[in-house]
Amino acid sequence: MAAEQENVGNLKQRLAKLFQLSLDATVPGEPDIEPLVAACTAKFGDYQCNNAMGLWSKIKGRPGIEFRGPPAVGQACFEFFFLENIFAIMKNLPQSEMIESCSVAGPGFVNVVLSKNWMAQNIQKMLVDGIETWAPKLSIKRAVVDFSSPNIAKEMHVGHLRSTIIGDTLASMLEFSNVEVLRRNHVGDWGTQFGMLIEFLFEKFPNLEDVNETAIGDLQAFYKESKQRFDVDAEFKDRAQKAVVRLQSGEQMYRKAWAQICEISRREFYQVYQRLGVHLEEKGESFYNPHIPGVIEALTNQGLVEESKGARVIFIEGINIPLIVVKSDGGYNYASTDMTALWYRLNEEKAEWIIYVTDVGQQQHFDMVFKAAKRAGWLPVDDRQYPKTSHVGFGLVLGEDGKRFRTRSTEVVRLADLLDEAKTRSKAALIERGKAAEWTEEELEQTAEAVGYGAVKYADLKNNRLTNYTFDFDQMLNDKGNTAVYLLYAHARICSIIRKSGKDIGELKKTGKLVLDHADERVLGLHLLQFAEARQVVEEACTNLLPNVLCEYLYNLSENFTRFYSNCQVVGSAEETSRLLLCEATAVVMRKCFSLLGIKPVYKI
Ligand code: ARG
């Protein structure tokens with residue numbers, strides 16, 4: 001019972017603790033055996049312990065221990081001893097209110113059936129104490145998630161949308177786990193393109209006071225026009241290159257023009273963030289600029305920086321190109337900034353875990369930056385130790401033709417247009433369902449946004465991020481199948497069941513009693529408790545960083561609920577109170593998943 005009194009950890013961890021005690025008693029000579037406990041779908045049990053087989057091969061032949069193998073006299077004898085040992089693991093399992101029964105099955109498994117009373121009590125406890133009590137505990141205090149990070153004057157495109165959505169979810173999962181997250185927008189606001197943009201701006205607006213969003217119009221078109229000048233006009237090109245130097249040396253006029261261009265771009269980005277409900281704090285490339293020389297000097301003093309073809313570089317074992325930290329013209333680049341930003345995040349911001357979300361195309365860049373940081377002794381060589389860095393790469397977004405997602409004119413697709421279309425389509429679907437007559441215009445708008453934007457996000461997150469995925473409005477806005485629309489409707493339906501009962505759910509939580517007698521209630525209840533495992537997914541997200549696992553959990557939850565609801569009458573039944581509590585628990589867990597995935601729930605449909 002001692003292990004249980006602590007009452008910490010998720011289901012799997014708690015069972016593992018019990019099996020630890022059993023293994024200690026069964027094989028006292030082997031103190032460091034890690035219990036192998038896994039959820040199972042077999043009809044024999046909910047969880048199983050798989051230690052017996054491995055344990056046998058590990059300790060066979062060693063003299064003087066309880067759990068010993070047979071002398072070499074044949075298979076029958078082996079099986080006898082082996083079985084005896086498995087039964088010992090089962091017998092030595094401490095009494096626990098968690099466990100209803102145990103059995104031995106298959107090639108050496110101990111199966112556990114959980115107690116439905118215990119399950120019901122724990123779900124009810126979560127309802128009273130709040131879903132936060134089911135949050136995982138991570139061993140770190142502070143993390144940086146570097147995500148979205150578009151480039152100034154260039155349009156934010158679908159790749160940035162992926163980074164924004166995936167990064168936001170990872171940040172939310174860490175925050176739920178009680179980690180302070182610095183949500184960093186590493187905007188590309190410093191680079192050679194600014195020379196040309198500034199010179200072009202001076203030409204168009206001799207008086208900088210005249211510069212504003214409406215006067216410039218489309219910043220992307222402005223970028224294109226200036227690039228054209230740059231490519232054909234040698235004199236302009238020369239001026240542009242000099243402008244970069246003047247900007248970097250801090251000349252006032254140049255700084256001012258730069259700031260104006262950034263501001264216009266920024267406003268556009270933040271409109272998209274606002275629509276997506278994503279919170280980010282900008283520390284763009286320019287922020288790290290003053291720190292670059294010091295960092296390069298320190299790396300040079302450590303003997304890491306070498307001359308190569310006029311540039312200054314860091315060589316990395318196993319990679320045939322070096323990391324260029326100072327270009328041959330003496331200027332800094334993407335890598336100089338990333339080395340410095342990493343130094344800053346480790347030393348000034350004291351982040352223990354730094355996560356970068358970009359397309360997989362940048363994998364080598366980050367691999368080199370991380371390895372250089374290890375050479376410099378900034379990071380431990382062992383990736384399992386903190387502080388650590390992770391690159392979260394993702395695949396391409398494809399159009400219905402299977403090629404990179406573009407509009408007809410082969411331009412990149414504007415994010416704002418995508419969001420507009422998602423909303424328009426989901427609104428049309430709501431109107432088709434007759435909601436225009438039932439709801440206020442405001443309700444219609446808000447639901448259309450929640451469903452439309454939610455659909456775009458979910459379609460992205462439900463895939464393993466490394467695979468390419470096809471952007472398809474018809475598919476993502478379908479109200480059947482694994483889509484946000486289906487899930488949001490399922491949630492709204494649960495809310496309407498509770499509303500229709502006319503009961504005060506706050507009161508029921510305290511006075512009612514949840515039971516899991518029907519088989520479908522039990523399956524749903526177990527899945528709810530396994531949110532602990534899904535939040536273990538949050539912990540695993542710490543190594544694998546895969547939001548799709550949470551999507552899978554949510555989809556299965558909804559399926560389990562549907563099965564329960566079609567087989568168990570709720571309102572008006574003898575079990576009404578208990579079943580309403582089960583509905584409420586499902587809705588609470590669904591809403592937590594939605595919030596981790598950045599999706600706004602809807603309450604009626
Ligand atoms: N601005 C870059 C791009 O659009 C992404 C920046 C990612 N973050 C970083 N620290 N390098 O590709």
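Just so you know, these numbers use all the heavy atoms, side chains as well, and skip hydrogens, waters and symmetry mates. Remember, it's 1-based here, ligands and their atoms both numbered in the order they're listed.
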Distance flag, aromatic centroids of H186 and Y288, threshold under 6.0 Å: yes
Close side-chain approach of L597 and K457, heavy atoms under 4.5 Å: no
Close aromatic pair by centroid cut-off 6.0 Å: Y334 and Y332: no
Taking every non-hydrogen atom, the tightest pair across S148 and L280: CB-CD1, 3.9 Å
Summary of side chain to side chain donor-acceptor pair (under 3.5 Å) pairs that have at least one residue in residues 228-243, sequence neighbours excluded: E199-R239, E203-R229, E203-R239, K227-D231, R229-D233, E235-R239, D238-K242
Test item: R183 and H279 side chains (from C-beta on) under 4.5 Å apart, heavy atoms: yes
For ligand 1, the residues whose heavy atoms come within less than 4.0 Å (ordered by chain, then number): D146, S149, N151, H160, H186, Y334, D338, Y356, T358, Q362, F366
